[in-house]
Amino acid sequence: MAKGGAGAVVLEVADVDEHRRYNSTVIGMFDDKFIPKYKEMVDAIHDGGSKAISQLLHAGPIPLIKNDPTQYGPLCASSVPHIYNLNAIPQSITKEQMAEIKQMFVDAAIRVVRAGVDGIEIHCAHNHGLLGTFVSAIHNKRTDEYGGNLTCRMKYPLEIVEAIRQAVGPDMVLGVRMSSAYDEVDGLTLEDSCRMARMFEKAGIDYIHATHGSLISSANIMLPHGTPQGFFANRAKAIKESVNIPVGTIGRITDPEIAEELLEAGVADIIFMGRALIVDPELPNKIKEGREEDIRPCLGCNECVTAAMFGNGFYCSMNTLSGHELEGEVVYDENNKGKKVLIIGGGPGGLEAAKQAAIAGYDVTLVEKENYLGGQFELAAYPPTKQEYACGVKYLINQAKKHGVDIRLNTEATKEFVVDMKPDAVIVATGGKPIEVKWITESAHPNVIGAWDAIRGSANIGINIVVIGGGLVGCECADMIAAPHYCRQQYARKVTVIEMQDYVMADDFTPQRAQMMVRLMDKNVDILEGAKVKEISADSITYVKDGEIKTVKHVDTIISAVGTQSVNGLTEQLKDLDVPVITIGDAVAPRKIHFATREAVVAVKNLKI
């Protein structure tokens, strides 16, 4: 990111408390032993041409790593369980503990200064960590001088700010990250936040990092696809108008034009970008160089933050180097010139493989049996809120064309075709197709269609619909075909989703799942979980739930959304060819986009021809 042109890099939160760690992967800054490695990061940022800012946090009520839970349990302004740690009632922090933790913040600040940072940012946002709970009426029920009205709830965070300022001196940049509002009952309001900003300024803060929301509704923090660009900018503007120090805004700012407009209009002084720089760390440089078409778009899929939160590594659907930065990019090799690589399939894996192989110097041909490119990725842009996926498909197509890939549509690859092409290597990226269950598709009902056809609009859909399967595709399908607003109007569509598991979208931990559920409820979609279809007639579906047999009557459309299966028969047919054949993406197993794009890069790097 530093080499990519960012003016400053705010490092991830650093734990100040050894005994109440935020999680197992967060940086620790509670001991001098961490300074040398931290300095290496700071030096790397400086070498890249950027400033380094350290962010300090005390986990408070949500420590995920505890040395001794009986002695070092969660702490909070008051004994109010946090939504991220509901099974552990936090201890109401004592004044003695407050003094100890204030010193922890000071000691951590001194350590990061010794490591060479250019600034320090105190995390006091999102109803998050110890300081976030102090300012929040949701968790602060104290009756001493640290509880009650906003002035009293701000007393402890301000004491920490003042102590850090005294320790690091007047010249060290000191900022605070705070929410512009929570949008929750008893949560901070915009008016509260404007007052807080003025208090922080008076205490010695140099800039405000104005974020938004609380962990109660994570989609208000990690804004998913479909959220307007600069969604919280006007709230940052209100805070900016309340103080005389710089104010930065964040929140789904991935379009450089929007970022520039916010600065030019005086809405904010600083633009903070998170996922936009994860997907493309070179974004600032590409803007400077007039290469906007080469900026890799963020889908807003939130796979990056979800993976990090749940300890599944770190990855990005579009940036194949995310989490693998030390590997380095695919580079041109003169020895590859004239060697032919055939890519079969024009989905995300095939397009990424084609681009990377072309960069490596190969003569690349991509064949796709359909008359369009993108595969399931193209289809993924159809449901509500997912237009940004179309930007991802467009980017992959344009990049493949830019690098000289020979793209052939309406071309189905058979074994004979491959042999005639005489490639030096083959990458099979034939993707997946819907699972067709005969007892559904060959039932007595006259109008059974697949979810993909329903989403694409290539099948007739009635007004009383049952979707069998409550995974992501089934729920997106219901979201798309249900009446946009439930007003009890006559002839409005009625949609029912039947799912065997106890929960729909059970394997989706992204913030947008909650938004999806809200939309489905607003559209009066019936969601039957833990229900198993027993019988399908010409106009009804009978199912079993909780041991009871029930029937949905007058069903005029059944949509099958029971999953995806690999299309990989060609891999087996090509196994006796005397050239490397590598299979990637859903042709290996149905999974998410990042597996396809990542495996595409690995395949190209592993080519031995």
Side-chain angles (χ1 to χ4, degrees), residues 1-13 25-27 38 40-55 117-119 121 209 222-223 225 229-230 248-260 263 270-308 313-332 348 352 355-356 359 388 391-392 394-396 398-399 402-403 593-594 597-598 600-602 604-605:
M1 292 179 184
K3 289 182 178 179
V9 175
V10 182
L11 292 161
E12 69 172 12
V13 291
T25 61
V26 162
I27 298 167
Y38 204 81
E40 288 183 20
M41 286 195 299
V42 172
D43 289 345
I45 292 170
H46 288 160
D47 291 343
S50 295
K51 301 296 184 182
I53 298 176
S54 176
Q55 192 178 89
V117 300
D118 304 287
E121 186 173 287
H209 179 173
M222 298 169 282
L223 298 175
H225 45 66
Q229 292 274 321
T249 186
I250 193 170
R252 205 74 198 115
I253 304 175
T254 61
D255 186 330
E257 291 185 11
I258 299 294
E260 192 62 34
L263 294 173
I270 308 165
I271 301 297
F272 288 94
M273 290 183 172
R275 288 167 292 170
L277 293 179
I278 291 172
V279 69
D280 197 338
E282 289 282 334
L283 182 148
N285 282 345
K286 290 178 179 178
I287 296 171
K288 293 176 188 176
E289 297 163 5
R291 299 168 51 212
E292 284 83 1
E293 74 280 358
D294 290 332
I295 294 175
R296 199 179 292 115
C298 172
L299 307 178
C301 64
N302 276 320
E303 290 295 335
C304 53
V305 290
T306 303
F314 194 82
Y315 47 77
C316 172
S317 296
M318 296 295 293
N319 181 3
T320 58
L321 274 183
S322 183
H324 304 275
E325 289 82 1
L326 295 180
E327 291 182 9
E329 297 179 339
V330 171
V331 295
Y332 177 77
E352 184 68 27
K355 166 194 167 184
Q356 298 292 346
I359 290 173
E388 286 160 292
C391 299
K394 180 179 177 180
Y395 169 83
L396 291 178
N398 289 342
Q399 289 295 302
K402 177 180 177 178
H403 288 90
I593 294 170
H594 74 268
T597 54
R598 173 64 188 162
V601 175
V602 173
V604 172
K605 287 183 175 180

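Treat the numbers as computed from the prediction; the structure is a model and nothing was measured. Positions are given from 1 along the sequence.
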Peer 1: Heavy atoms, side chains only, cut-off 4.5 Å: are Leu277 and Pro284 in contact?
Peer 2: yes
Peer 1: With no hydrogens and no angle check, do the side chains of Asn302 and Arg275 hold a donor and an acceptor under 3.5 Å apart?
Peer 2: yes
Peer 1: For Glu352 and Leu396, work out which heavy atoms get closest and say how close.
Peer 2: OE1-CD2, 3.4 Å
Peer 1: Could you pull out all residues at least two apart from Lys51 that satisfy side chain to side chain contact (heavy atoms under 4.5 Å, CB included)?
Peer 2: Ala8, Asp118
Peer 1: Where is the tightest heavy-atom contact between Arg296 and Asp280, given as atom of each residue plus distance?
Peer 2: N-OD2, 2.9 Å
Peer 1: Would you please test His324 and Val601 for side chain to side chain contact (heavy atoms under 4.5 Å, CB included) and show each step?
Peer 2: CA-CA 11 Å; His324 304 275; Val601 175; over 6 Å; no
Peer 1: Which pair of non-hydrogen atoms, one from Asn319 and one from Pro281, has the smallest distance, and what is that distance?
Peer 2: ND2-CD, 3.9 Å
Peer 1: Using 0.5 Å steps for rounding, measure from the CG atom of Leu223 to the SG atom of Cys298.
Peer 2: 10.5 Å
Peer 1: Got Leu283 and Lys286 here, is their nearest side-chain heavy-atom distance under 4.5 Å?
Peer 2: no
Peer 1: Can you name the nearest heavy-atom pair linking Pro348 to Ile593, along with the distance?
Peer 2: CB-CG2, 4.3 Å
Peer 1: Do Glu289 side-chain atoms and Ile287 backbone N/O form a donor-acceptor pair below 3.5 Å?
Peer 2: no
Peer 1: Hey, what do you get for CD1 (Ile53) to NE2 (His209), rounding to the nearest 0.5 Å?
Peer 2: 9.5 Å
Peer 1: Taking the side chain as every heavy atom from C-beta outward, state whether Glu329 and Leu321 have any pair of such atoms under 4.5 Å apart.
Peer 2: yes
Peer 1: So, do Met273 and Ile253 sit near enough that their side-chain heavy atoms are less than 4.5 Å apart?
Peer 2: yes
Peer 1: For Asp255, does its backbone N or O pair with a side-chain atom of Gln229 as donor and acceptor, under 3.5 Å?
Peer 2: yes
Peer 1: Quick one: closest heavy-atom pair of Glu303 and Ser317, and the distance?
Peer 2: CG-OG, 4.1 Å
Peer 1: Any chance you could measure Lys355, atom NZ, to His403, atom NE2, to the nearest 0.5 Å?
Peer 2: 6.0 Å
Peer 1: Ion pair present between Glu327 and Arg598, side-chain N to carboxylate O less than 4.0 angstrom?
Peer 2: yes
Peer 1: On a heavy-atom basis, which atom in Phe314 and which in Ile278 lie closest, and how many Å separate them?
Peer 2: CZ-CD1, 3.6 Å
Peer 1: State, yes or no, whether a side-chain contact exists between Tyr38 and Leu11 at a heavy-atom distance under 4.5 Å.
Peer 2: yes
Peer 1: Taking atom OG1 of Thr254 and atom CD of Glu388, what is their separation to the nearest 0.5 Å?
Peer 2: 6.0 Å
Peer 1: Under 3.5 Å, side chain of Gln356 to main-chain N/O of Ala600, donor-acceptor pair present?
Peer 2: no
Peer 1: Can you check whether Ile270 reaches Thr249 side chain to side chain, under 4.5 Å on heavy atoms?
Peer 2: no
Peer 1: Is any side-chain heavy atom of Met318 closer than 4.5 Å to one of Pro297?
Peer 2: yes
Peer 1: Does any non-hydrogen side-chain atom of Val604 lie less than 4.5 Å from one of Ile359?
Peer 2: no
